[in-house]
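A quick note: this is a predicted structure, and the numbers were derived from the prediction, not measured. A, B, ... follow the sequence lines: proteins, then strands. Residue 1 opens every chain.
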2 protein chains.
Amino acid sequence: MVKSILDESCILNQSLTLIADKWTLLILMALMQGTKRNSELNRQINGISPKMLTQTLKTLIRYGMIERTVYPEVPPRVEYTLTEFGKSTADPLMALLKWSVDWEEQLTTLYKNRQTGLAGKDQSATK
Amino acid sequence: MVKSILDESCILNQSLTLIADKWTLLILMALMQGTKRNSELNRQINGISPKMLTQTLKTLIRYGMIERTVYPEVPPRVEYTLTEFGKSTADPLMALLKWSVDWEEQLTTLYKNRQTGLAGKDQSATK
DNA sequence: CGGTATCCTAGGCGATACTG
DNA sequence: CAGTATCGCCTAGGATACCG
């Protein structure tokens, strides 16, 4: 009997709307290791653009999931740290990581074969 | 020592690209209860449009996460079931559900206050 | 009922350039 | 180095209407 799942689906819907985002999750995951600077995150998160980094960080600050600390130094230094709320995402995130590793083969294959465009679309323009 | 997280971040990136989608996760979650019909899913998943339902189901079939069964009856009946691969998402999904319930208050507040537009934007047009 | 096809708009997101 | 602002593509995804 898993009826409760559907009862909760509304909450799930909300949480997914808020954080079910690739960059959001990747940033949270990266910060699980501890405080990091903007440039570190930029380097470690494969493929994120500076714009999306800053933007997502700001959102996470609004959410109260991370904290921003500015050090008044000459070469400016800003550090980001997880709050307790942010840290609380560790459980689902680790479960997801484990799953990703367990199914790595399928996932990699799917990733490579994933469609750039849409299902029945003409692919002649596949640059 | 959590270095491995970053080493795996590429796989995480891949899996997130594939399934870190609100509707995808909601559908998987709904099917955890067992086989379901199109209309059932449509009813139980809060706010999904028929188009997104069909589209996401098709993607999940391509991924090999669900199976589609057609019953050649007069009022057509089609059922969707999780494959083993699909079922394997139960762990991360349940962890996420638990987290959502644990932090329900914050999430609901954030959800209500979430911005429709962008950060520093003019909100005079907030319809 | 289940699914497809078309239209159409908001906004995600990269690229680029500029401030402190 | 950290961050903002601007432009512009291009896609997600809702609304609507039509087939088997």
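Not one side-chain nitrogen or oxygen of B:R77 sits closer than 4.0 Å to the OP1 or OP2 atom of C:dG2.
Using a 4.0 Å heavy-atom criterion, one finds that A:Y80 contacts the sugar-phosphate atoms exclusively.
Atom NZ in B:K22 sits about 13 Å away from atom C1' in D:dA12, given to the nearest Å. Rounded to whole Å, atom P of C:dG3 lies 13 Å from atom CD of B:Q55. Between the C1' atom of C:dT4 and the CZ atom of B:R68 lies a distance of 12 Å, rounded to the nearest Å. The interatomic distance linking B:K58 (NZ) with D:dG13 (C1') rounds to 15 Å, in whole Å. As a whole-Å value, the separation of A:E73 CD from D:dC1 P is 14 Å. With rounding to whole Å, B:L57 atom CG is found 14 Å from D:dG13 atom P. Counting to the nearest Å, the C1' atom of D:dA2 and the CE atom of A:M52 are 17 Å from each other. Taking atom CG on A:L53 and atom P on C:dG12, their separation rounds to 17 Å, with Å as the unit.
The side chain of B:S39 has C:dG2 as its nearest neighbour among D:dT4, C:dT4, C:dG2. When the nucleotides D:dT4, C:dC13, C:dG3 are ranked by their closest atom to the side chain of A:D21, C:dC13 comes out on top. Closest to the B:R37 side chain, of the nucleotides C:dG14, C:dC1, C:dG3, is C:dC1. Closest to the B:V78 side chain, of the nucleotides C:dG2, C:dT4, C:dC13, is C:dG2.
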Going 5' to 3' through nucleotides 15-20 of chain C and flagging B where a protein heavy-atom sits under 4.0 Å of the base, S where only the sugar-phosphate is that close, and - otherwise, we get B----B
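The backbone N or O of A:N46 sits less than 3.5 Å from a side-chain atom of B:N13, completing a donor-acceptor pair.
In the helix from C:dC1-D:dG20 to C:dG20-D:dC1, the terminal helix axes, each the rotation mapping four pairs' C1' atoms onto the next four within five end pairs, subtend 40°, rounded to 10°.
Side-chain contact between B:Y80 and B:K36: absent, with no pair of heavy atoms (C-beta onward) separated by less than 4.5 Å. By the 4.5 Å heavy-atom criterion applied to side chains, B:D91 and A:K98 are not counted as neighbours. Within the 4.5 Å cutoff, the side chain of B:T89 has heavy atoms near those of the B:M32 side chain. With contacts defined as side-chain heavy-atom distances shorter than 4.5 Å, the pair B:M65/B:T59 does not qualify. Using a 4.5 Å heavy-atom cutoff, the side chains of B:K112 and B:R114 are not in contact.
Between A:K87 and A:E84 there is a salt bridge, since a side-chain N of the basic residue sits under 4.0 Å from a carboxylate O of the acidic one.
No hydrogens or angles considered: nothing links the side chains of A:T56 and A:T24 as a donor-acceptor pair under 3.5 Å. Side-chain contact of A:Q14 with B:T108: a donor-acceptor pair under 3.5 Å is present, judged by distance alone.
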